[in-house]
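Working notes for the structure below.
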Number of protein chains: 2
Amino acid sequence: MKKRITIIEDNASIREGFSAVLDTIEKYKVMNLYSNCEDALTNLDQDQPDVVLMDIELPGMDGIAGTIRIKKQLPNCIVLIITVLEDSEKVFRSLCAGAGGYIVKNSNLSEIVQNIDEALAGGAPMSLSIARMVVQSFRQQQDSPLTDREIQVLQSIAEGKSYSKIALDLYVSKETIRSHIKNIYRKLEVSSKADAIKIANSNKWVTGRSL
Amino acid sequence: MKKRITIIEDNASIREGFSAVLDTIEKYKVMNLYSNCEDALTNLDQDQPDVVLMDIELPGMDGIAGTIRIKKQLPNCIVLIITVLEDSEKVFRSLCAGAGGYIVKNSNLSEIVQNIDEALAGGAPMSLSIARMVVQSFRQQQDSPLTDREIQVLQSIAEGKSYSKIALDLYVSKETIRSHIKNIYRKLEVSSKADAIKIANSNKWVTGRSL
DNA sequence: TTTAAAATCCCCCAATATGGGTGATTGATT
DNA sequence: AATCAATCACCCATATTGGGGGATTTTAAA
């Protein structure tokens with residue numbers, strides 16, 4: 001069964017270039033080419049793509065919003081973001097939107113084909129630097145002024161637990177938790193949960209995520 | 001300058017196998033082989049490795065704890081986890097510990113070399129399925145019973161903000177926030193911040209992280 | 001070994017936050 | 001016409017929070 005591909009890219013020559021190359025590949029079938037998300041979305045049911053090559057900068061709805069819409073309608077469709085620059089904010093938002101990979105536009109066409117193959121094989125094609133960024137986003141800071149116990153308490157605070165609940169979970173008195181909090185506030189020079197969480201998050205002292 | 005590599009792996013034949021192959025490569029210099037983290041750590045200053053190939057199951061200190069120690073001492077050292085199975089919990093904890101990649105042991109030796117090259121070139125070598133897992137960990141759920149506004153409020157709650165603070169941020173009355181909270185609790189069938197956050201986190205309705 | 005830091009616990013106090021209830025209004029969307 | 005989303009209001013009782021004093025024990029470092 002040929003893999004169905006649609007391309008959303010406003011630059012006509014790039015669009016046609018991708019299409020021309022992909023059309024020569026046996027296992028691919030280019031369904032349609034679009035210069036904007038709106039048109040692509042109206043034809044999504046007919047196209048039923050397995051893979052969408054999506055430009056991120058588009059007139060009207062941008063590639064990120066488009067990705068969200070596509071994934072909502074076709075959850076198993078793999079959306080690969082094609083872009084010129086590796087803007088970390090856009091990468092992040094694309095991944096949150098459900099993009100299956102993030103590949104750079106200036107790669108040569110054979111690389112693009114490789115990337116599509118990789119995505120279809122169950123992978124997540126990314127440039128080296130993006131892969132590094134993504135992996136490093138998990139990295140927790142080692143150098144924190146807080147002790148392990150304080151981090152543990154702050155983590156619980158970030159989970160929305162009350163002092164009493166934390167005390168129960170850690171098998172200590174509520175007063176102990178209050179002490180830890182006071183020390184945390186003093187060290188971070190804040191005086192509220194929200195401020196402490198903000199600092200802990202930006203420094204990655206607390207997780208908030210899993211695989 | 002040759003890249004300095006150390007190998008930590010308790011299985012002698014695998015350890016020697018890696019070493020033998022890597023030693024034939026011009027650009028690499030295998031500094032030392034260890035069967036446990038403890039020995040490797042005592043020699044870390046002498047070895048000064050650019051790359052550590054780290055087994056995850058080890059006698060004594062395991063590979064994850066070892067990774068944390070190594071990164072603390074040599075922050076620029078790249079630790080590549082080598083393992084037989086892709087346990088998502090271990091993958092996650094390895095990445096949090098600062099691992100630069102996660103490669104499977106049964107790959108053939110030329111793949112290992114490729115992976116090391118990729119890591120040194122600024123990438124994050126991973127198997128296809130792990131890359132997919134990692135990327136999907138960013139994915140936010142589209143199907144939530146909550147409205148956009150409610151998600152927004154819940155997100156703020158997860159950031160530790162009080163109702164009043166949220167009200168200020170969203171330019172509405174505190175009573176409005178309370179209304180949203182009540183609706184959120186009703187929809188999620190909970191009656192506390194902590195429970196609501198737990199559900200929102202496990203369903204990835206809130207972010208909590210960036211790149 | 002002296003010192004410092006971490007982790008544990010206790011009391012007081014006042015202001016704020018929270019959760020539940022019962023409403024109402026406006027504007028979309030269907 | 002009916003539903004839902006978003007907005008706002010008031011009542012009430014309890015829980016939580018932040019800040020101020022302390023204290024003890026264990027552990028780690030100087």
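Every chain is numbered from 1, with letters handed out A, B, ... down the list of sequences.
- When DNA chain C is scanned in the 5' to 3' direction for atoms under 4.0 Å from non-hydrogen atoms of chain B, the outermost contacting nucleotides are C:dA17 to C:dT22.
- Looking at B:S35 and B:R15, their side chains never bring a donor and an acceptor atom within 3.5 Å of each other.
- Between B:D143 and A:K72, none of the side-chain N atoms (NZ, or NE/NH1/NH2) sits under 4.0 Å from a carboxylate O, so this pair counts as no salt bridge.
- Note on the helix from C:dA4-D:dT27 to C:dT30-D:dA1: terminal axis deviation equals 60°, with five pairs used at each end and the result rounded to 10°.
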Just the table, please: protein N/O against nucleotides 24-27 of chain D N/O, every pair under 3.5 Å.
none

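- By the 4.5 Å heavy-atom criterion applied to side chains, B:I7 and B:L22 are counted as neighbours.
- Counting only N and O atoms by type, the side chains of A:R209 and A:S137 include a donor and acceptor under 3.5 Å apart.
- Remark: the backbone N or O of A:C96 is not paired with any side-chain donor or acceptor of B:R139 at under 3.5 angstrom.
- With hydrogens and angles disregarded, no donor-acceptor distance shorter than 3.5 Å links the side chain of B:D47 to the backbone of B:P49.
- Atom CZ of B:R4 sits in a crowded spot, with more than 12 heavy atoms from other residues, nucleotides or ligands closer than 6.0 Å.
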Quick one, B:R149 with B:Q152, criterion side-chain contact (heavy atoms from CB on, under 4.5 Å). Give me CA distance, side-chain angles, the key distance, then yes/no. CA-CA 5 Å; B:R149 197 56 157 174; B:Q152 203 176 7; 2.9 Å; yes

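- Side-chain contact of A:Y34 with A:D55: a donor-acceptor pair under 3.5 Å is absent, judged by distance alone.
- Judged purely by distance below 3.5 Å, without hydrogens or angles, the side chains of A:S129 and A:E86 pair a donor atom with an acceptor atom.
- Enclosure of atom NZ in A:K105 by more than 12 non-hydrogen atoms of other residues, nucleotides or ligands within 6.0 angstrom is indicated.
- A donor-acceptor distance shorter than 3.5 angstrom exists from the side chain of B:E150 to the backbone of B:T147, with no hydrogens or angles considered.
- Sequence neighbours left out, the pairs with a member in residues 194-206 of chain A that pass side-chain hydrogen bond (donor to acceptor under 3.5 Å, both in side chains) are A:S192-A:D195.
- Contact check for B:V153 versus B:I181: side-chain heavy atoms found under the 4.5 Å cut-off.
- Each of A:S179 and B:Y171 lies near DNA chain D, and the nucleotide nearest B:Y171 is the one positioned closer to the 5' end.
- Side-chain N/O atoms of A:Y28 and A:D50 include no donor and acceptor closer than 3.5 Å.
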For each nucleotide in nucleotides 13-20 of chain D, reading 5' to 3', give B when a protein heavy atom comes within less than 4.0 Å of its base, S when such contact involves only the sugar-phosphate, and - otherwise. ---SSBBB

Taking only nitrogen or oxygen atoms into account, show me every contact under 3.5 Å that the protein makes with nucleotides 2-6 of chain D, one pair per line with its distance.
{"residue": "D:dA6", "atom": "OP2", "partner": "B:T147", "partner atom": "OG1", "Å": "2.5"}

